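Working notes for the structure below.
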Amino acid sequence: MGLIAAGTGLGPAVHRLAARAIEAVPPLTPDGEEGRRWAEQELSDPVYDIAEPTPLDRLARAIAEFFEGLFSTELSGGWGSAVAIVAAVVVILVIVVAFALWGVPRATRRARRDAPALFGDAEHRSAAELRAVAASHAKKEEWEAAIVLRFRALARGCSERGVVDTAPGATVHAFARAAARAFPALADDLETAATAFDDVRYLRRPGTEELYRRVADTDAAVVAARPVVREDVLA
């Protein structure tokens, strides 16, 4: 009997503890303020930042919607065709301007890539700049420098045109053979110009006006000629 009485006395206390535990659990259906706070916590998760479109995405979408609306607009009479023609012209003009601003020719990209070195030496100048410096040395009768620079101008000019790619370790004779395949009619002149470069650059032989004229004439002939193939020169 004592146990039954004790059990009966504990009943209300257990009920009170259970009620308090239930009250401590947050409601499954929040009120307005609680719901707003939960939504802010959820949206603060970084995963939503990743899914957010970038400014570039928004710009591309806006352009697409503009042209979509432009071409889907139904106009009475002959206006529909006129608007479509104007829109097509605008698109073509945009493409042309984009190519003019950012479309770098393949030959120019190749020339810039190979620009730092030419026949083992650092050389960043263009063919036109090299020709101008060579002519300046020629006026001073500094034939060795004039010959070397004019031959470098010849090789750089071929690279700028995308005709002959000269690797950094390529020799002048390797270049001359490759250029001869692109300009067969000038094979002998190219070899003579390469020999002149070797003589004054590596063998320390004196340069002459005649040798300079041969190199300059070969350079001018290559500039005026039309290549038959494009060549890559290895070391």
Side-chain angles (χ1 to χ4, degrees), residues 96-235:
V96 170
V97 171
F99 272 108
L101 293 177
W102 298 293
V104 181
R106 179 175 61 86
T108 303
R109 291 197 300 268
R110 182 180 297 110
R112 289 179 180 177
R113 182 193 67 195
D114 296 339
L118 191 61
F119 303 129
D121 293 329
E123 183 56 78
H124 297 270
R125 289 170 290 187
S126 66
E129 291 171 333
L130 289 168
R131 292 185 185 106
V133 178
S136 177
H137 282 289
K139 288 181 180 179
K140 301 174 186 178
E141 297 185 355
E142 298 170 350
W143 302 119
E144 291 82 1
I147 291 169
V148 169
L149 290 170
R150 192 57 186 259
F151 190 86
R152 290 182 184 276
L154 191 163
R156 179 54 48 80
C158 287
S159 180
E160 290 174 350
R161 294 170 64 185
V163 176
V164 180
D165 272 354
T166 306
T171 66
V172 291
H173 288 283
F175 163 78
R177 289 190 295 271
R181 290 191 289 271
F183 305 99
L186 300 173
D188 292 340
D189 294 332
L190 287 164
E191 187 61 32
T192 298
T195 300
F197 179 98
D198 263 349
D199 286 347
V200 301
R201 180 71 173 80
Y202 300 112
L203 300 181
R204 303 298 180 183
R205 293 176 180 172
T208 63
E209 181 178 2
E210 180 182 1
L211 284 178
Y212 172 74
R213 294 301 172 194
R214 287 184 181 179
V215 176
D217 290 345
T218 302
D219 181 28
V222 168
V223 170
R226 181 177 181 180
V228 295
V229 293
R230 190 188 72 81
E231 292 289 342
D232 292 326
V233 182
L234 303 178

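On a predicted model such as this, the values are computed, not experimentally measured, just so you know. Computation of the quantities below employed the complete heavy-atom set of this structure, encompassing side-chain atoms and omitting hydrogens, waters and symmetry-equivalent molecules.
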From L130 atom CG to L154 atom CG, the distance as rounded to the nearest 0.5 Å: 11.0 Å
Of the non-hydrogen atoms in V215 and A196, which two are nearest, and what is the gap between them? CG2-CB, 4.0 Å
In plain terms, say whether R156 and E160 are close enough for a salt bridge, that is, a side-chain N and a carboxylate O under 4.0 Å apart. no
Check: R213 and T208 side chains under 4.5 Å, non-hydrogen atoms: no
Distance from R177 atom CZ to R181 atom CZ, nearest 0.5 Å? 8.0 Å
To the closest 0.5 Å, what do you measure between CZ (R205) and CD1 (I147)? 12.5 Å
Starting at CZ of R152, measure out to CG of D219 and round the result to the nearest 0.5 Å. 14.0 Å
Do the side chains of D217 and D189 get nearer than 4.5 Å, heavy atoms only? no
Can you give me the closest heavy-atom contact between R161 and A225, atom names plus distance? NH2-O, 2.9 Å
When rounded to the nearest 0.5 Å, the distance separating CD of E123 from OG1 of T166 is 12.5 Å
Using a 4.5 Å cut-off on heavy atoms from C-beta on, say whether the side chain of L149 contacts that of R125. yes
More than 12 foreign heavy atoms under 6.0 Å from CG of D188: is that the case here? no
Would you call the rings of F175 and F119 parallel, tilted or perpendicular, where under 30° means parallel and over 60° means perpendicular? perpendicular
d(L203 CG, F197 CZ) to nearest 0.5 Å is 11.0 Å
Which pair of heavy atoms, one from V164 and one from A178, lies closest together, and at what distance? CG1-CB, 4.1 Å
Minimum heavy-atom separation for A176 to E191, with atom names? CB-OE1, 3.9 Å
Closest heavy-atom pair and its distance - W143, G207: CB-C, 3.6 Å
side-chain contact (heavy atoms from CB on, under 4.5 Å) between L190 and T218, worked out: CA-CA 7 Å; L190 287 164; T218 302; 3.8 Å; yes
